[in-house]
Student: 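The structure's right below; bear with me while I get my questions together.
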Amino acid sequence: MDFLNAIVALSNFVLVPAIAYGSQLALGALGVTLIYGILRFSNFAHGDTMAFGAMITILVTWWMQSAGINLGPLPTALLALPFGILGCVAMLLLTDRLIYRFYREQKAKPVILVIVSMGVMFIMNGIVRFIIGPNDQRFADGERFLISAREFKAMTGLSEGLAIRTSSVITVVVAVIAVALLFWFLNRTRTGKSMRAYSDNEDLALLSGINPERVVMVTWLIVAALATVAGVLYGLDKSFKPFTYFQLLLPIFASAIVGGLGNPLGAITGGFVIAFSEVTITYAWKKVANYVLPESIAPDGLAQLLSTDYKFAVSFVILLIVLLFKPTGLFKGKAV
Amino acid sequence: MIVVEDIHKHFGGFHAVDGATMSIKEGSITGLIGPNGAGKTTLFNVIAGVLKPTSGRVTMLGEDITGLPPHELFHKGLLRTFQIAHEFSSMSCRENLMMVPGGQSGETLWNTWFGRKRIANEERALRAKADEVLEFLTISHLADHKAGQVSGGQKKLLELGRTMMVDARIVFLDEVGAGVNRTLLNTIADAILRLNTERGYTFVVIEHDMDFIGKICDPVICMAEGKVLAQGTLAEIKANEQVIEAYLGTGLKNKDQLEAGA
Ligand SMILES: Nc1ncnc2c1ncn2[C@@H]1O[C@H](COP(=O)(O)OP(=O)(O)OP(=O)(O)O)[C@@H](O)[C@H]1O
Ligand SMILES: [Mg+2]
């Protein structure tokens with residue numbers, strides 16, 4: 001019984017949150033990795049791109065809520081998501097046209113593009129705060145729980161409850177669909193293959209008749225979709241606050257780099273590695289330990305390795321460790 | 001077919017191509033020879049749209065193609081291979097070949113969703129074609145190998161194979177024979193001759209191997225220091241004083257080679 005309670009407590013506080021968070025990071029890291037692989041720079045504006053897509057989704061969600069449109073038990077935001085993606089697509093294509101294209105034509109070095117993307121980051125950041133404000137915004141509606149802790153206890157008779165939030169389940173389901181679509185696209189369609197070819201060897205791709213501007217455009221389309229989905233899922237799961245999206249940049253980059261920059265499979269793995277490390281290291285293990293350990297050696301304190309305030313340090317340390325032992329990441333990434 | 005008019009390409013103060021003028025006849029196999037650093041590859045890069053010329057003009061069948069991007073030239077039927085073989089390293093050799101024919105129905109998002117059947121048929125045809133080309137180049141056994149892992153000479157063959165995947169009009173080959181063994185070299189020469197007669201490809205071939213040049217090329221153009229020194233049949237070129245001085249040299253070794261080749 002104690003053992004079961006321990007597992008339930010572990011699932012409730014570690015597994016479920018980490019899987020949801022990992023999915024969000026994976027989606028974010030996929031966007032970063034695609035830009036790195038195809039456009040050949042590290043996009044610092046990615047966190048704010050996520051915030052922008054999420055913001056449009058939120059605005060449409062609010063409008064739908066006021067118009068009485070909803071999805072019943074599911075959050076209205078899912079219905080608004082396609083509009084968010086469209087808004088984000090428009091934004092990214094506009095930045096590409098106005099800013100990135102100029103540097104592409106100059107054949108600017110990746111490091112210059114990185115600095116440029118920082119500029120874009122500040123502008124997007126400003127736009128988002130200007131439109132929706134810097135504060136926390138609530139937009140989640142529908143059923144909050146698939147199973148609440150109380151129901152779970154009543155069902156199983158255990159003293160620990162397992163609460164499964166709707167947002168966690170939606171996060172995982174949507175992430176799986178998005179990833180499946182992405183891989184199908186990259187591996188099965190001709191456009192996807194030409195994107196891989198372009199990422200692999202740009203010169204040869206050009207001489208094989210692949211239109212670079214088209215590849216770039218499709219990349220932005222996909223990145224916009226991924227970023228918006230990641231941003232909205234994160235917002236549904238936690239809350240929407242522009243500054244948190246900027247902060248997400250570190251774990252997202254850590255995920256992409258740990259997995260091997262430019263490698264989509266790596267980005268997903270990296271997302272989960274970072275999420276699980278962050279959650280397990282900042283979790284207070286006292287409860288679980290009390291269930292499984294005999295009383296004599298059970299911890300007195302919280303048994304928390306690191307306070308949650310330091311959770312970003314975790315990404316950083318993992319990043320350092322991986323780069324020390326495997327500089328190209330867990331999966332082989334590419335060097336620009 | 002291709003007319004190159006007074007092309008200059010400067011890298012900083014260095015004149016890699018320094019006023020090259022030449023005209024390539026339709027249906028010919030033109031050899032381009034010259035010492036290392038003569039500017040042959042650079043000229044190819046300018047014609048193929050990889051580098052913008054500092055000045056000068058390139059026309060194809062009367063149309064100005066100076067500075068057009070490589071993918072547009074590809075669709076006009078102008079193809080080239082690289083001196084240092086390029087490949088999509090993470091794809092198999094077969095997939096490498098199948099990447100070439102751009103601009104098919106699979107290219108629109110609409111078709112990706114709604115034209116599945118047609119795309120599947122196209123893919124099948126493409127695959128058959130790729131296998132045929134691999135067979136022709138005697139590297140069928142490498143079809144499923146990752147292109148990044150095959151040998152340097154095999155990559156060269158793949159480069160040539162790429163030009164056979166579409167109906168090209170003019171193909172620029174940059175030392176396809178370098179690093180390829182003798183027997184295969186003959187295979188390549190035969191392939192070039194066949195493509196020329198059967199499919200009407202025009203070729204421009206950079207090569208340092210005089211036997212190879214002698215076997216397939218007429219006319220031959222010799223470049224040195226960014227300029228065209230001479231143009232004519234191989235025999236004429238070999239007799240040309242300037243060419244001998246700049247490229248073929250008067251050293252014993254080269255002389256032997258000259259006489260053996262002639
Ligand atoms: N990107 C570049 N920047 C500066 N110099 C260059 C560049 N590309 C070529 N060059 C110079 O231009 C000259 C001509 O080079 P190119 O590659 O065209 O010679 P080549 O005739 O193809 O020689 P090889 O027979 O050795 O292949 C060389 O001296 C080279 O150093
Ligand atoms: Mg060369």
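Convention: sequence-line order gives letters A, B, ...; per-chain numbering from 1.
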Student: Around atom CD1 of A:Ile69, are there more than 12 heavy atoms from other residues, nucleotides or ligands closer than 6.0 Å?
Tutor: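 Enclosed.
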Student: Should we say atom CZ of A:Arg104 is surrounded by more than 12 heavy atoms from elsewhere, each under 6.0 Å from it?
Tutor: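 Correct, the count exceeds 12.
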Student: With a 4.5 angstrom heavy-atom cut-off, could you sort out which part of B:Met165 is near chain A: side chain, backbone, both or neither?
Tutor: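 For B:Met165, no heavy atom lies under 4.5 Å from chain A.
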Student: Quick check on B:Arg199: does its CZ atom have over 12 non-hydrogen neighbours (other residues, nucleotides or ligands) under 6.0 Å away?
Tutor: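 More than 12 within 6.0 Å, yes.
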Student: How far does NE2 of B:His75 sit from CG of A:Asn211, to the nearest 0.5 angstrom?
Tutor: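 One gets 7.5 Å once the value is rounded to the nearest 0.5 Å.
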Student: Tell me whether the count of non-hydrogen atoms from other residues, nucleotides or ligands lying under 6.0 Å of CD in B:Glu72 goes above 12.
Tutor: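 Yes.
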Student: To the nearest 0.5 Å, how far apart are CG in A:Leu206 and NE2 in B:His71?
Tutor: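 It is 8.0 Å, given to the nearest 0.5 Å.
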Student: Under the side-chain contact (heavy atoms from CB on, under 4.5 Å) criterion, do B:Arg162 and A:Leu204 qualify, and how do the steps go?
Tutor: CA-CA 10 Å; B:Arg162 207 169 274 126; A:Leu204 186 54; 3.6 Å; yes
Student: Is the number of heavy atoms from other residues, nucleotides or ligands within 6.0 Å of NZ (A:Lys326) greater than 12?
Tutor: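 Yes, the 6.0 Å shell around NZ holds more than 12 heavy atoms from other groups.
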Student: Out of curiosity, B:Asn96 CG to A:Asp200 CG, how far, rounded to the nearest 0.5 Å?
Tutor: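 Output value for this atom pair is 8.0 Å.
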Student: For residues A:Ser208 and B:Phe88, report the shortest heavy-atom separation together with the two atoms involved.
Tutor: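 Nearest pair, atom of A:Ser208 first, then B:Phe88: OG-CZ, 4.1 Å.
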Student: Over all heavy atoms of both residues, which pair between A:Leu207 and B:Phe82 is shortest? Give the atoms and the distance, please.
Tutor: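 Scanning both residues completely, I find the closest heavy atoms to be CD1-CZ, 2.8 Å.
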Student: Using 0.5 Å steps for rounding, measure from the CE atom of B:Met98 to the NZ atom of A:Lys193.
Tutor: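 That separation rounds to 5.5 Å.
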Student: Please look at A:Arg188 and chain B and tell me whether the side chain, the backbone, both or neither of the residue comes under 4.5 angstrom of a heavy atom of that chain.
Tutor: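 Answer is neither: A:Arg188 stays 4.5 Å or more from chain B.
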Student: Between A:Ser194 and B:Met99, which heavy-atom pair has the shortest distance, and what is it?
Tutor: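 Smallest interatomic distance, heavy atoms only, reads CA-CE, 3.6 Å.
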Student: To the closest 0.5 Å, what do you measure between CZ (A:Arg190) and CD (B:Glu122)?
Tutor: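 With rounding to 0.5 Å, CZ (A:Arg190) is 8.0 Å from CD (B:Glu122).
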Student: For B:Lys76, is the NZ atom crowded, meaning more than 12 foreign heavy atoms sit under 6.0 Å from it?
Tutor: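 Result for NZ/B:Lys76: open.
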Student: Pairs under 3.5 angstrom only: tabulate donor-acceptor contacts from the side chains of residues 74-85 of chain A to other protein residues two or more places apart or in another chain.
Tutor:
| from | atom 1 | to | atom 2 | distance (Å) |
| --- | --- | --- | --- | --- |
| A:Thr76 | OG1 | A:Asp141 | OD1 | 3.2 |
| A:Thr76 | OG1 | A:Asp141 | OD2 | 2.5 |

